[in-house]
Amino acid sequence: MKFTSSYEPKSFESEIYQGWESSPAFNPKPLTSVNPATFSKESSLKNRPFYSIVMPPPNANGNLHIGHGLTIALEDSLTRFYRLLGKSTWYVPGADHAGFETWVVYERALEAVGHSRFEYSRDELYARVWDFVQEQRGNMELQVRALGASCAWNDLTFTLDENVVSRVYKTFEKMWNDGYIYRGEKLVNYCPKHETAFADIEVEHIDEPGFLWDLKYELVNEDSDGFLDSSPECHKEYIVVSTTRPETLFGDQAVAVNPSDPRYKSLVGKRVKLPLTSRTIPIIPDEHADPEYGSGAVKITPAHDFDDFEVGKRHNLENLRVISDNGHMLPVCGDRYSDLTTEECRALVLKDLKEQGILLDSHKITHSVAHCYKCGTVIEPTLKEQWFIDTEKLAKTAISHLKKNEISFHPASKQKVLINYLEGLKDWNISRQIPWGIPIPMFKKIGTASSATGKENFDSAPEWIFDTRTNLKEIEIGGVLYARDEDTFDTWFSSSHWPIVCTDWTEESGSPFYPLNVMETGADILFAWVARMIMMGLYITGEVPFKDVYLHGLVLDSKGKKMSKSKGNVINPMELVDKYGSDAFRLGILRGRSAGMSQAFSEESVISGRNLCNKLWNVSRLIQTWVDEAENKNDVLSTSNMSEDWICREIDALRKKVEKCMSSYRFAEAVEEIYSTIWDKYADWFLESEKLFKNLPLLQKTLESLLIIAHPFMPFVTETIWQTLSWTSGMLISQPWPAPLEFDPISAEEFERLMSAVGEVRRVLSALKTQKHALKSVPPILYGDDSLISDNANLVKFLTRCPSVSSCEGSPRGIRLALSGREIYLDVSSEISDSYRETLEDRILSVGRELDALEARMRNPNYVDKAPAHLVEETRKGIEEKTALISRLKQELTVI
RNA sequence: GGACUCUUAGCUCAGUUGGCUAGAGCGUUUCUUUGACGUAGAAAAGGUCAGAGGUUCGAGUCCUCUAGAGUCCACCA
């Protein structure tokens, strides 16, 4: 390949990726090639020769969004970094069947062609979605490749793969045997549109305006003497209940009042007539009723409200369902209301109550309403028999391991947040009434086969049995027939196994890659996923599933607003990759981003990334040109001037800095360092100097080091350059991390002095150009007793573009630069130096202010006593230098 | 009600256990058609680190309070 004059990512990215993918680079080294002596269970993860990380599986049939772009930029830079360090690296890619999400998409597609899910059996639907997913599949994987993920594609794990399902079944069986799983009839969060239950975590609570209605429930006289109590409160003939859901009154089982509420004390035990029905219900005392809220009396509907369900349990109330699974009123509500939707029913009930004088008042309120996180439908708490996991022990175990700091969190604050969550964790409903997912391997006893043994066994057979033959609707065991539960698992139940299934962990031999080095994912799924992986990992393996957790925040739009389709501010990562290249995107999205923070993102940062790629491209092109032009190519590698010592020192510092940043997950800082080293140091100073020296072996070596260090963050362009350079061989992706470079530190410091001298020349020239006696042409430089300048006259001349740099021969003239330890003059006319007077005066003032600050510090005896000696010494030196500088500046002033 | 995070340049953000004159990118201004790069080079302007106390020789950094922004969990008849 040849270097084009500018960086054109489109011309090489896909080809480069194919090269990587067809090599063994993405795969972990075979176990036999890794020295087993270096691996033991006890050794810390840092020292083990493996590095493992798994990809949070993107939806198999979806497209990547900006969050995936960030995920892959983060994970892949870690993977490539540790690969370069020589670890056997395994980045396992994944694809998610995305149970509910995919189901919603599929059901919508079905409805679009005029069909309903209810026309098909569960098994038919499963088969149809399977085909649907296969048709849609592929884009995601191509997009992951386009982002440069160096993952082991051979090991791609789909969440419905056979090994995933069998592992999930194993866990379920163990939990069933250990008594962690139970079937219970409880109120569950239920989406009436999609007709499925959810875990608490999948419900979105939104504050909404609503009404609190006061209803009059009339007291009925059931006393034997036929008269109401004579106490003054009970001269009333009714009790006012406050409700936001009048339509559920058909299911009311009681009216609760607070036992300490004096208003209602004497009413406890009485009964009231339930409006619109012929039923009566009791007034019961319960702490749940808040005397401060509404009328202080609350109707209790155990089958349709979580709190009421608990009240009902305490008072042995009946759970009477009045709303169906699909959100319509049941026949029990009577012909007038039966079959209406809850909204229709509410309107009609209110109208009827008003006409009957039962609706007394209404108040505008704001209350939080539970919604389906996917379709936004209001969640209907519904009484259902479901499979639950008793989470108490799981959470307790997880908390104890977390408190022992076995997992370090980035950001650290999330550890506390997670413990806080686990401490209040309720039992976990894992049943979903959607066809797309892993079938629950439980079968219910339904009858007997026509054999004698069946009849014999039937009574003693358990109600439910575990069996993995979920491809069958019915099974027969010992003559007893069982039917499969048609529900599927909550996807978080199966995905909590992700670190275990992706590392091929087994009971027999574990896995050298388990626990994972790091789990990188979005902070928004800390509870849903990270918490569950920890609980499950500990339950199955006894070990935490990962040692580090890195959580990234949301990627917001350029104004800091959340991206959403409805707002139209969604940024598509693939468009940016297409426009500026994959590396530019990666640099742009990592830039200025820190753990756990939701931060803005814009195209500008990607453009800046593209510019860095272009810079590196041209740096490489220039060096290649010099190599091509050179006649003698057998020079020995060594530094031959101070800019070379300096750049070696800087690259070495960069290497260490990047190592440190990566081990503490400070990606943005690593990127920042790479930027400034490539651009400000290597290109602007070193390469400029090398235009005079052209020390080819050193140029080549330093460029190689930079390419390797930058590779984790900008893999395509660095690899392309590597493969284009004439002297390099093999692939960059599998090169060893650079060894320390040799340099003379004193010489490196000398170069810094030269840089500040050159900088001062440039600053003064720039100032003179804009003053009233504007400088027409660049003046010569004169030096007095200054070996740094005399020894490097050529370099100074080149870097400042001055026509000449020569000795003043004992007769200085022009402007003397205000640099301590330097004697440099700009040979300008007296008019020009006059015009510089003002600038000089400003300079004296500002140095004076700095001097004052330092002197004040030294006057403080506590500072001299208590501050570290080196700081005091530095302050002392600073005072000396600034004093000298001021006196010289003043001298200059008088000369002028 | 409980928990967490944030407030630093016009914008987006760094700033590790407190320590030299608080940094970067983008934007702005001036200069340069210079040899790889105009997707460039050289230089500049721009900050009472939200506010008030406190600890300390020393606070953007630690503590307390106040104000504002945001997130999560629980509850809300």
Side-chain angles (χ1 to χ4, degrees), chain A residues 3 5-7 200-201 205 207 212-213 241-245 248 255-256 288-290 293-301 305-308 365-369 411 413-414 416-417 420-421 424 523-524 526-527 553-554 556 558-560 580 584 588 591-594 596-602 604-605 607-626 660-661 664 666 668-669 672 675-676 683-684 687-688 691 759 762-767 769-770 800-801 846 849-850 853-854 857 860-868 870-872 874-875 877-878:
Chain A
F3 280 113
S5 69
S6 68
Y7 164 70
D200 295 343
I201 201 147
H205 293 269
D207 280 338
L212 187 64
W213 286 284
V241 300
S242 302
T243 183
T244 54
R245 298 205 62 189
T248 63
V255 170
H288 168 62
D290 176 2
Y293 194 89
S295 66
V298 54
K299 67 190 206 55
I300 301 298
T301 322
D305 182 279
F306 288 101
D307 292 317
D308 293 5
I365 56 159
T366 301
H367 59 156
S368 101
V369 180
S413 61
K414 295 294 180 187
K416 206 174 160 187
V417 174
N420 194 39
Y421 168 75
D524 52 333
L526 175 64
F527 300 154
L554 285 180
L556 307 174
S558 62
K559 295 188 183 91
Y580 301 108
R591 180 139 235 192
R593 205 159 288 279
S594 46
M597 298 265 294
S598 294
Q599 288 165 319
F601 171 69
S602 69
E604 281 166 7
S605 64
I607 292 173
S608 138
R610 187 271 318 264
N611 293 355
L612 179 69
C613 294
N614 183 63
K615 181 55 89 171
L616 186 58
W617 183 264
N618 278 291
V619 161
S620 308
R621 183 157 74 107
L622 177 62
I623 293 174
Q624 181 64 58
T625 311
W626 289 344
K660 206 177 158 194
C661 286
S664 50
R666 291 203 296 267
E669 208 177 323
E672 213 61 62
Y675 256 80
S676 69
D684 289 349
L687 222 49
E688 282 304 303
K691 284 176 181 170
R762 287 169 175 173
R763 233 184 326 276
V764 173
L765 287 177
S766 187
K769 273 182 198 166
T770 51
T800 58
R801 312 282 173 207
S846 94
R849 280 192 295 272
E850 290 162 16
L854 293 180
R857 193 174 301 164
N860 182 344
N862 285 323
Y863 174 70
V864 182
D865 287 352
K866 294 186 183 173
H870 72 275
L871 287 177
V872 179
E874 271 175 33
T875 310
K877 252 192 203 163

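Reminder, nothing fancy here: chain letters follow the sequence lines and each chain counts from 1.
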>> Can you give me the closest heavy-atom contact between A/N862 and A/N860, atom names plus distance?
In response: N-OD1, 2.9 Å
> What integer distance in Å separates A/E604:CD from B/U39:C1'?
Replying inline: 14 Å
> Sub-3.5 Å donor-acceptor pair from the side chain of A/R621 to the main-chain atoms of A/S5, do we have one?
Replying inline: yes
> What integer distance in Å separates A/Y580:OH from B/C26:P?
Replying inline: 13 Å
>> By nearest atom, which of the nucleotides B/C4, B/C72, B/G35 is closest to the A/K691 side chain?
In response: B/G35
>> Nearest to the A/V417 side chain among B/C4, B/C57, B/A14, which nucleotide is it?
In response: B/C4
> Hey, is the side chain of A/N614 poking within less than 4.0 Å of OP1 or OP2 on B/A40, counting only N and O atoms?
Replying inline: no
> B/U56 P sits how many Å from A/L871 CG, rounded?
Replying inline: 19 Å
>> Please determine whether a side-chain nitrogen or oxygen atom of A/K416 lies at a distance below 4.0 Å from atom OP1 or OP2 of B/C4.
In response: yes
> Checking all strands, does A/P868 fall into the base, sugar-phosphate, or nothing category for heavy-atom contacts under 4.0 angstrom?
Replying inline: base
>> Work out how far the P atom of B/A36 is from that of B/U48, and round it to whole angstrom.
In response: 44 Å
> Across the strands shown, which category fits A/T243 at heavy-atom distances under 4.0 angstrom: base, sugar-phosphate, nothing?
Replying inline: sugar-phosphate
> With both distances under 3.5 angstrom, what nucleotide forms a Watson-Crick or G-U wobble pair with B/A24?
Replying inline: B/U12
> Any idea which of B/A36, B/G25, B/U39 is nearest the A/S6 side chain?
Replying inline: B/U39
>> Quick check for you: among B/A3, B/C37, B/A24, whose closest atom lies nearest to any side-chain atom of A/N618?
In response: B/C37
> P atom, B/A45 versus B/G10: distance in rounded Å?
Replying inline: 15 Å
> B/A14, B/C57, B/C4: which one has an atom nearest the side-chain heavy atoms of A/Q599?
Replying inline: B/A14
>> Please report the distance separating the P of B/G23 from the corresponding atom of B/G58, rounded so that it comes out in whole Å.
In response: 22 Å
> Considering only B/C20, B/G25, B/U5, which nucleotide approaches the side chain of A/E874 most closely?
Replying inline: B/C20
> With both distances under 3.5 angstrom, what nucleotide forms a Watson-Crick or G-U wobble pair with B/G1?
Replying inline: B/C73
> Taking the inter-plane angle between the rings of A/Y421 and A/F527 on a 0 to 90° scale, is it parallel (under 30°), tilted (30 to 60°) or perpendicular (over 60°)?
Replying inline: parallel
> Say you pick atom C1' in B/U71 and the same atom in B/G19; how far apart are they, in whole Å?
Replying inline: 35 Å
> Contact class for A/I623 (heavy atom, under 4.0 Å): base, sugar-phosphate, or nothing?
Replying inline: nothing
> For A/F601, which contact category applies under a 4.0 Å heavy-atom criterion: base, sugar-phosphate, or nothing?
Replying inline: nothing
>> Just the rounded figure in Å: distance from P of B/C13 to CD of A/E669.
In response: 17 Å
> Just by modelled atom types, is the A/Q599 backbone N or O under 3.5 Å from a matching donor or acceptor in the A/R593 side chain?
Replying inline: yes
>> Determine whether A/Y7 and A/K615 satisfy the following criterion, side chain to side chain contact (heavy atoms under 4.5 Å, CB included), listing intermediate values before the conclusion.
In response: CA-CA 8 Å; A/Y7 164 70; A/K615 181 55 89 171; over 6 Å; no
>> Mind checking if A/Y421 touches a base, just sugar-phosphate, or nothing, with heavy atoms under 4.0 Å?
In response: nothing
> When you measure from the side chain of A/R763, which nucleotide among B/A44, B/U34, B/A36 comes out closest?
Replying inline: B/A44
> Between the side-chain atoms of A/E688 and the base atoms of B/A42, is any donor-acceptor pair under 3.5 Å?
Replying inline: no
> Picking from B/A14, B/G19, B/U39, which would you name as closest to the side chain of A/M597?
Replying inline: B/A14
>> side chain to side chain contact (heavy atoms under 4.5 Å, CB included), that's the test. Do A/D308 and A/K299 meet it? Break it down for me.
In response: CA-CA 8 Å; A/D308 293 5; A/K299 67 190 206 55; 5.7 Å; no
> Who does B/U7 pair with, Watson-Crick or G-U, both distances under 3.5 Å?
Replying inline: B/A67
> Across all strands shown, which nucleotide pairs with B/G47 by Watson-Crick or G-U wobble geometry, both distances under 3.5 Å?
Replying inline: none
> Expressed as a whole number of Å, how far does the P atom of B/A3 sit from that of B/A22?
Replying inline: 37 Å
> In Watson-Crick or G-U wobble terms, both distances under 3.5 Å, what is the partner of B/C31?
Replying inline: B/G41
> Please give, in whole Å, the distance from B/U34 P to A/D684 CG?
Replying inline: 17 Å
> How many Å lie between CG on A/L556 and P on B/U71, as a whole number?
Replying inline: 10 Å
>> Taking the C1' atom in each of B/G2 and B/U17, what is the distance between them to the nearest angstrom?
In response: 31 Å
>> Roughly how many Å apart are B/U7 and B/G51, using the C1' atom of each and rounding to a whole number?
In response: 11 Å
>> Would you say A/R610 places a side-chain N or O within less than 4.0 Å of OP1 or OP2 belonging to B/G25?
In response: no
> Which heavy atom in A/G296 sits nearest to a heavy atom in A/A289, and how many Å separate them?
Replying inline: O-CB, 3.8 Å
> Closer than 4.0 Å, any side-chain N/O of A/S594 to the OP1 or OP2 of B/A14?
Replying inline: yes
> Given B/C57, B/A42, B/A36, which nucleotide is nearest the side-chain atoms of A/Y863?
Replying inline: B/C57
>> Using whole Å, what does the distance between atom C1' of nucleotide B/A74 and atom NE2 of A/H205 come to?
In response: 8 Å
> Do A/R666 and B/U16 share a donor-acceptor pair, side chain to base, under 3.5 Å?
Replying inline: yes
> Is A/A600 touching bases, backbone alone, or none of the nucleic acid, heavy atoms closer than 4.0 Å?
Replying inline: sugar-phosphate
> Checking all strands, does A/D524 fall into the base, sugar-phosphate, or nothing category for heavy-atom contacts under 4.0 angstrom?
Replying inline: nothing
> Nearest nucleotide by nearest heavy atom, which residue falls closer to the 5' end of RNA chain B, A/G759 or A/K414?
Replying inline: A/K414
> When you compare B/G46 with B/U39, how far apart are their P atoms, in angstrom units rounded to a whole number?
Replying inline: 29 Å
>> Counting the atoms with a prime plus P, OP1 and OP2 as sugar-phosphate, which does A/A683 contact under 4.0 Å by heavy atoms, base, sugar-phosphate, or nothing?
In response: base
> Looking only at atom types and distance, does a side-chain atom of A/R610 sit under 3.5 Å from a main-chain N or O of A/S605, one as donor and one as acceptor?
Replying inline: no
>> Counting only side-chain heavy atoms from C-beta out, which of B/A43, B/A42, B/A36 sits nearest to A/S766?
In response: B/A43
>> My understanding is that only residues two or more places apart in sequence, or in another chain, count here; which of them pass salt bridge (Lys or Arg N to Asp or Glu O under 4.0 Å) with A/R801?
In response: A/E688
> Taking only N and O in the side chain of A/K769, is any of them less than 4.0 Å away from OP1 or OP2 of B/A42?
Replying inline: no
>> Applying the Watson-Crick and G-U wobble criteria at under 3.5 Å, what pairs with B/A59? Answer none if nothing qualifies.
In response: none
> Taking atom C1' of B/G41 as reference, at what distance in whole Å does atom CG of A/L612 sit?
Replying inline: 16 Å
> How do A/K660 and A/R621 order along RNA chain B: which one's closest nucleotide is nearer the 5' end?
Replying inline: A/K660
> Within the structure shown, what part of the strands sits under 4.0 Å from A/K615 by heavy-atom distance: base, sugar-phosphate, or nothing?
Replying inline: base
> Within the distance-only criterion (no hydrogens, no angle test), does the side chain of A/N618 pair as donor or acceptor with the backbone N or O of A/N614 below 3.5 angstrom?
Replying inline: yes
> Phosphate oxygens OP1/OP2 of B/A43: is one of them under 4.0 Å from a side-chain N or O of A/R762?
Replying inline: yes
